[in-house]
Each structure stands twice: as C-alpha cells, then as structure tokens.
Trainee: 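Structure incoming, see below.
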Amino acid sequence: MTRPFRAAVLPVLIFTAGFAVCASAISLGLRAATPMPDMLVLSPKLKAYRANPDRFDTVFIGTSRTFYHIVPEEIEAGAAMAGCPDLKVFNFGVFGLTGAEQDWLIEQVASAGAGSLKTVVIEDPLPNPREPAEATTDRARYFLAPSLWGAQIDSIRAYPESIAKRVFRGGVFGWGVLFDLSGAGRASAAVFPPVDGASGDEEPAFMATDGFEPLGSVVTDGILARRDAFLSDPAGFATSLARYGAATNEDVSDRAAYLGQRLGALQARGLNAALYISPDLAELDRTPRTGEAVRALQGGYSVLNFNRPDHYPDLFQRDLWYDFSHLGEAGARELSLLAGEELCTAIKPKEAAGDAVR
C-alpha cells in the first residue's frame with residue numbers, strides 16, 4: 001500500500017469506524033427509549049394475557065398453525081374426557097413466529113403467569129427470514145436486540161437445511177443487525193411513537209375465543225389467494241400427502257436438540273412442557289421426523305405429533321383443509337379435541353409423580 005493511498009484511505013476508515021460506534025451507541029439508547037411496536041395478533045394477545053394470567057393454566061405458543069388450529073374450548077373438552085377436567089387454555093399463536101420471537105414470548109408468558117401457569121406447549125417455530133426486507137420491519141428490528149442475537153443464531157444453526165442456505169440466512173440476519181445499529185428511523189420513532197393499536201377499546205374478535213381465530217373468518221388478499229390455489233388444485237392434495245415418508249437426506253437432529261433444550265428449560269422452571277407438531281401438508285417431509293426425533297431424546301419429552309397421516313388419517317381429509325398449510329374450523333376443532341386428550345395423557349403421570357408443576 002503506497003503512502004498516498006494510505007493517507008487517503010486512513011481518514012475514511014477512522015471516520016467510518018467512529019460513525020459506526022456513535023451510531024450504534026445512539027441507536028441502542030433510542031431502542032431503550034422506544035416502546036415495543038404494535039404487532040398484529042401478538043400485541044393484543046400479550047396485553048390480554050398480562051392483564052389476567054390467573055384465568056389460564058395452559059398456554060399454546062406457536063405460529064399461525066397454533067392461531068388457526070388450537071381451539072381452547074376443544075382442548076379443554078378433550079382433556080376432560082381423558083381425565084384432566086380443569087384445564088384453562090390460552091391460544092398464543094402468532095403469524096410468522098420465528099425461533100427468537102418464540103424464546104422471547106416464552107419468557108413473557110412464564111413471567112406474567114408465575115403462580116398460575118402449569119403447562120406450556122410450544123410449536124416448532126418458523127426459520128429466520130431469507131428476504132432482506134423482512135429483516136428491517138419494525139417487528140424484526142425489535143427482535144434484533146443484542147440480548148436476542150444468541151437466540152437468532154441458535155435458530156439459524158438448528159434449522160435443517162443446507163449449509164449454503166444457513167449462511168444466507170445468517171447474512172440476512174447480519175444485514176438486519178447492521179440496519180438496526182445504524183439507527184435509521186429510530187429518532188423519529190422515539191419522538192413520534194406510533195399509536196398502539198392494541199391499547200384501544202375495541203378488542204379483537206379472537207380474544208372472545210381465548211386467542212383462537214377460525215381461518216377464513218377474517219380474510220385478506222393473501223388468505224384468499226391461498227384458498228383459491230388450494231381449491232383449484234385438487235390433485236395437489238394427493239401430491240402433498242406423498243411427501244410423507246419420502247426419502248430425504250435432511251438431518252433433523254440439530255432441530256430436535258434445539259427444541260429439546262427449550263422443553264428442558266420449561267421443565268426446569270417446574271412447568272409441564274410439550275411440543276406440538278401441527279398438521280401441515282407443506283412440511284410432511286420434515287416436521288413429523290422432527291417430532292419423533294424430539295421424542296427419542298433423553299429427557300422423556302412429551303410430543304403431540306399430529307403431522308402423521310398414517311396415525312391420524314381423519315385429519316387428512318381434503319374437506320377439512322382451508323389451504324395447503326392450514327385446516328379450516330371443522331378440522332381445527334377435530335384436531336384440538338385429540339390434542340386435549342393427548343396432552344392430558346402426557347401430563348397426568350408427571351403431575352401424579354410430582355415431576356412437574358409447581
């Protein structure tokens with residue numbers, strides 16, 4: 001490197017480093033002063049649960065396949081049929097819930113429900129985004145706090161896909177972190193905070209059913225498009241079913257260990273814990289194997305593995321499905337009744353032995 005080149009580059013490098021340090025410090029300070037953004041479904045559910053956690057002793061935490069599939073009253077009815085008559089269930093399903101978001105949400109629920117919470121059922125969460133734009137939304141930025149970087153990396157590392165795809169997800173995560181630390185838009189958000197839609201007087205309709213919403217009761221262009229695609233492709237249902245049991249080299253052991261760690265952490269709190277594997281045609285080649293791999297781990301983890309057409313053929317009748325990833329209301333009710341029975345069967349021996357539940 002020639003002397004003139006060094007003389008030209010060095011000030012630029014010093015300025016860039018100084019700017020990065022200052023911007024990061026200011027951004028982290030503004031983060032602390034900026035309230036949690038209003039998040040669709042998540043915010044009103046968290047507000048309602050925190051306001052009255054004593055109403056519930058059992059919480060299901062997961063993605064849209066929890067939101068649209070877990071009917072609290074049916075879970076309670078199924079559990080009562082199996083000998084657990086007193087369950088009070090809250091559906092904490094949230095659209096697009098990723099691993100780090102689920103880790104954070106578990107902490108919120110466990111803290112708010114201390115003293116009344118007995119059982120937490122978690123779902124295999126969605127992977128980190130692979131689209132850079134998805135890493136810079138208000139919701140994504142909130143969950144890019146430094147305290148959650150480890151959880152973000154754990155989720156990326158554990159997701160069963162090729163190394164190249166994991167590296168790409170890691171790059172998107174890195175881009176999101178850099179965008180967040182740059183402080184772009186933070187000052188305006190702190191000075192002019194958005195109106196919290198969850199704090200209004202109008203309660204979302206799904207709160208009347210303890211967090212459950214039948215798919216199709218509220219429609220968007222995306223929901224209608226998925227419904228139309230499902231109805232217009234009857235052969236696609238059989239094609240999707242063929243994914244179950246198909247040969248694959250995908251290793252799910254890391255994902256199983258990832259989920260087992262979270263179940264173990266819940267048990268260490270004195271809670272019953274279970275993993276819920278939802279019916280999902282798009283994941284028939286992955287999540288059923290993940291559920292069985294978790295079941296095989298040392299620790300005796302409870303697994304409600306419903307994405308298995310061979311064990312639950314009635315759940316895989318086409319008329320019960322709304323699209324290729326979600327059941328309609330009738331299917332959700334049938335699934336939830338079964339889930340209540342199996343959850344009771346899983347937790348009764350532990351409660352009798354005093355192995356869980358404060």
Side-chain angles (χ1 to χ4, degrees), residues 31-77 79 84-98 100-123 125 138-139 141-143 145 147-148 189-190 193-214 217-218 262 265-266 269-274 276 332 336 339-340 343 347 357-358:
R31 168 186 281 279
T34 304
M36 185 180 86
D38 181 39
M39 304 182 205
L40 185 66
V41 177
L42 191 156
S43 292
K45 285 192 174 185
L46 185 57
K47 178 185 176 184
Y49 182 78
R50 283 174 169 168
N52 201 357
D54 293 343
R55 279 191 58 207
F56 308 100
D57 58 26
T58 302
V59 176
F60 280 71
I61 299 176
T63 71
S64 61
R65 275 157 291 281
T66 293
F67 183 40
Y68 290 135
H69 288 179
I70 296 300
V71 188
E73 65 179 7
E74 299 290 353
I75 295 283
E76 293 163 4
C84 301
D86 301 320
L87 262 62
K88 300 299 180 184
V89 179
F90 186 75
N91 173 326
F92 223 127
V94 177
F95 297 124
L97 195 72
T98 64
E101 293 172 345
Q102 181 169 267
D103 286 350
W104 178 88
L105 195 49
I106 288 170
E107 289 299 319
Q108 309 311 305
V109 168
S111 297
S116 56
L117 186 64
K118 294 182 179 180
T119 301
V120 176
V121 183
I122 63 172
E123 188 184 343
D138 288 345
R139 172 172 162 177
R141 292 186 74 171
Y142 185 79
F143 292 107
S147 61
L148 288 172
V195 176
D196 183 1
S199 63
D201 295 331
E202 185 176 348
E203 188 174 75
F206 54 74
M207 294 314 305
T209 50
D210 294 331
F212 165 70
E213 181 174 285
S217 61
V218 176
R262 279 136 187 87
L266 287 166
R269 292 177 181 263
L271 297 168
N272 290 316
Y276 157 65
S336 295
L343 180 60
I347 65 178
V357 184
R358 286 187 293 269

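These numbers were taken from a predicted model, which means no experiment stands behind them.
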Trainee: When rounded to the nearest 0.5 angstrom, what distance separates OH in Y276 from CD1 in I70?
Mentor: 4.0 Å
Trainee: Is the shortest heavy-atom distance from the side chain of Y49 to the side chain of Q108 under 4.5 Å?
Mentor: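 No; the side chains remain at least 4.5 Å from each other.
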Trainee: Taking C-beta and beyond as the side chain, do E73 and T209 meet within less than 4.5 Å on heavy atoms?
Mentor: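 Of all side-chain heavy-atom pairs linking T209 with E73, none is under 4.5 Å.
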Trainee: Applying side-chain contact (heavy atoms from CB on, under 4.5 Å), run through M36 and L46 and close with a yes or a no.
Mentor: CA-CA 12 Å; M36 185 180 86; L46 185 57; 4.3 Å; yes
Trainee: Quickly, which of F95, F60, F212 forms a ring pair (Phe, Tyr, Trp, His ring centres under 6.0 Å) with F67? Name it, please.
Mentor: F95
Trainee: Please report the shortest heavy-atom distance between P214 and S217, naming the atom on each side.
Mentor: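 Nearest pair, atom of P214 first, then S217: O-OG, 2.7 Å.
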Trainee: Taking the side chain as everything from C-beta on, heavy atoms only, tell me whether P44 gets closer than 4.5 Å to F206.
Mentor: yes
Trainee: Mind checking the CD-CD spacing from Q102 to E107? Nearest 0.5 Å is all I need.
Mentor: 11.5 Å
Trainee: Return the minimal non-hydrogen interatomic distance between P37 and D138, and the atom names on each side.
Mentor: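 Closest pair (atom of P37, atom of D138, distance): CG-O, 3.8 Å.
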Trainee: With rounding to the nearest 0.5 angstrom, report the OG1 to CG distance, T66 to L97.
Mentor: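 Rounded to the nearest 0.5 Å, the OG1-CG separation comes out at 8.5 Å.
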Trainee: With rounding to the nearest 0.5 angstrom, report the CZ to NZ distance, F90 to K45.
Mentor: 6.0 Å
Trainee: Of all the heavy-atom pairs spanning G93 and V41, show the shortest one and how long it is.
Mentor: O-CG1, 3.4 Å
Trainee: Do P125 and E101 touch side chain to side chain, with heavy atoms closer than 4.5 Å?
Mentor: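 No - every pair of side-chain heavy atoms lies 4.5 Å or more apart.
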Trainee: Hey, are the side chains of L343 and T58 touching, using non-hydrogen atoms and a 4.5 Å cut-off?
Mentor: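 In contact.
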Trainee: Minimum heavy-atom separation for E76 to L87, with atom names?
Mentor: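 What the structure gives for the nearest pair is CG-O, 3.2 Å.
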Trainee: Answer yes or no: is there a side-chain heavy-atom contact under 4.5 Å between V89 and D210?
Mentor: no
Trainee: Could you state the interatomic distance from CD1 (I347) to CG (L271), rounded to the nearest 0.5 Å?
Mentor: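 If we round to the nearest 0.5 Å, I347:CD1 and L271:CG are 11.5 Å apart.
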Trainee: Work out which heavy atom in P53 is nearest to a heavy atom in G113; give both atom names and the distance.
Mentor: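 In terms of heavy atoms, the two residues are closest at CB-CA, 4.0 Å.
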Trainee: How are the rings of Y142 and W104 set to each other: parallel, tilted or perpendicular (split at 30° and 60°)?
Mentor: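 Y142 vs W104 ring planes: perpendicular.
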Trainee: Just so I know, are the side chains of D57 and S116 near enough to count as touching, which here means a heavy-atom distance under 4.5 Å?
Mentor: no
Trainee: Could you grab the distance from atom CD of E123 to atom OG1 of T63, nearest 0.5 Å is fine?
Mentor: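 With rounding to 0.5 Å, CD (E123) is 3.5 Å from OG1 (T63).
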